[in-house]
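For reference, the structure discussed in these notes is given below.
Atoms within a ligand are numbered from 1 in the order they appear, just like the ligands themselves.
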Amino acid sequence: MFNSTRIDQFKNIPTPFYYYNMELLENTLDLIKTEASRYGYHIHYAVKANANPKIMKLIQTYGFGADCVSGNEITRSLETGYTANKIVYAGVGKSDREILTALEAGIFCFNCESIPEIELINELAEQTNKTARIAIRINPNVNANTHHYITTGIEENKFGINRWEFESVLETLEQSKNIELIGLHFHIGSQITDLSVFKGLCLRINEIQEWFKERQILVNHINVGGGFGVDYKHPDENPIPDFVSFFGIFKEFLNLTPSQELHFELGRSVVAQCGSLISKVLYVKNGVNTKFAILDAGMTELLRPALYQAYHKIENISSNGEEEVYDVVGPICESSDCFGKAVSLPSTKRNDFIALRTAGAYGEAMASRYNLRDIADSVFSNEL
Ligand code: LLP
């Protein structure tokens, strides 16, 4: 991944920084486009995974839409070239101001997560003389078998509308003159690597569609969200997720009428592997039973290990020494600021470059200024 020319280029860039392999991103997008076009599927990029304008612009050139969860994401999407008629907007807590931003832009669809939200969108649409297109976000009660913090589709989660509320939703819609129901939306969680979970989702959607059909309701789009996982353990062996099998599952198991469109909201699977957080070793410090490699990047740049105990492959890209074992930690005043315990690395010293791999999704996007740290820069392979 990082040859000696690349590492020489890194020497002129202040660390830590995010490095994006734009060729890998293009190859990933090529595959998504080819496979999705095969079946006429519509892709919305989940902006929350990485809202870097250069990344967003490249993705937009493939003709994809945007999946947003805030007014600011809608604004960023419009600024980076996404057309309003391909923007979908989800979130359990859309504020009045954010709803007005979306109505003003004329987005494709609000993915609605509760009855009070539908009522508010109707009220604001009426005030502004608009009709809002909505999809009901349904909680399908399918377990994604992923980390409990990123499971969203079971009944105990705050997301979506549960089955026993459908009747009341239909009553609300009948009274909502400025709302048009155009779709059903689902999203069951993230970093799902077991494809049978998506098969389960398809079968559940088939049942749910039957319920609506019995009441003469046929929506023209089904949105199955995102959630397709990536290989954090082997970023070089599996740089591009298996979109052939992923889209194939929906083709095989989801029943759609010829007039129904299928939409996806892909985030992590698009951008995770193209990004690495590049950091330098500040100190190697001897602990009681361990050696610490203290980096100049920490949980402020990449929060996932501290928040979800997530694994990111750690590589010393500037040493060929004998393997030794280190606890790789950041400089932040929190014990959870640790990227990996007992990590085997080639003998490591001050100023070595460390790459934290598979950091393109939910890395830069979740950065914070805790400890008043600077926000890390981003560097693109095609600009070096
Ligand atoms: N659609 C909806 C409604 C979502 O909530 C999400 C992600 C996506 C699409 C995109 O899912 P993806 O394809 O990226 O799995 N910060 C966490 C992940 C949170 C995911 C939130 N929702 C992490 O770092 O693992």
If you count the atoms of ligand 1 from 1 in the order shown, which ones are under 4.0 Å from a heavy atom of [X]?
{"X": "R137", "answer": "3 (C)"}
{"X": "E265", "answer": "1 (N), 2 (C), 3 (C), 9 (C), 10 (C), 13 (O)"}
{"X": "A46", "answer": "10 (C)"}
{"X": "G226", "answer": "9 (C), 13 (O)"}

Can you list every side-chain hydrogen bond (donor to acceptor under 3.5 Å, both in side chains) pair that touches residues 241-252, not counting sequence neighbours?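 Qualifying pairs, neighbours excluded: D242-S245.
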Give a yes/no on ligand 1: does G227 have at least one heavy atom closer than 4.0 angstrom to it?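 Per 4.0 Å heavy-atom rule, G227 contacts ligand 1.
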Pair E180-T131, side-chain donor/acceptor within less than 3.5 Å: no
Taking the six-membered ring where the residue is Trp, are the ring centres of Y19 and F2 under 6.0 Å apart? yes
Is it the case that the ring center of F250 lies less than 6.0 angstrom away from the ring center of Y41? no
Using 30° and 60° as the class limits, which term best fits the ring planes of F110 and Y89: parallel, tilted or perpendicular?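 Taking Y89 first and then F110, their aromatic rings sit tilted (interplane angle of 30° to 60°).
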Can you tell me how the ring of F108 sits relative to the ring of H263, calling it parallel under 30°, perpendicular over 60° and tilted otherwise?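 Judged by the thresholds at 30° and 60°, the geometry between F108 and H263 is parallel.
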Check each heavy atom of [X] against ligand 1 and say whether those closer than 4.0 Å belong to the side chain, the backbone, both or neither.
{"X": "S190", "result": "both"}
{"X": "D67", "result": "side chain"}
{"X": "R304", "result": "side chain"}

Does N52 reach the side chain of V271, with side-chain heavy atoms less than 4.5 Å apart? no
Quick one: which of [options] has a heavy atom closest to [atom]?
{"atom": "atom 25 (O) of ligand 1", "options": "Q191, R268, K48", "answer": "R268"}
{"atom": "atom 20 (C) of ligand 1", "options": "Y89, Y362, Y45, F186", "answer": "Y362"}
{"atom": "atom 16 (N) of ligand 1", "options": "F159, Y308, F264", "answer": "Y308"}

H185, any N or O under 3.5 Å of ligand 1 N or O: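 No; every N/O pair is 3.5 Å or more apart.
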Would G267 count as being in polar contact with ligand 1, using the rule that some N or O on each side must be under 3.5 angstrom apart?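 Yes.
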Does anything in residues 358-384 pair up under ring-ring contact (aromatic ring centres under 6.0 Å, His included), and if so which pairs, sequence neighbours excluded?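 Those involving residues 358-384 are Y20-F380.
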Are the side chain of E73 and the backbone of V69 linked by a donor-acceptor contact shorter than 3.5 Å?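 Flag set: sc E73 to bb V69 pair under 3.5 Å.
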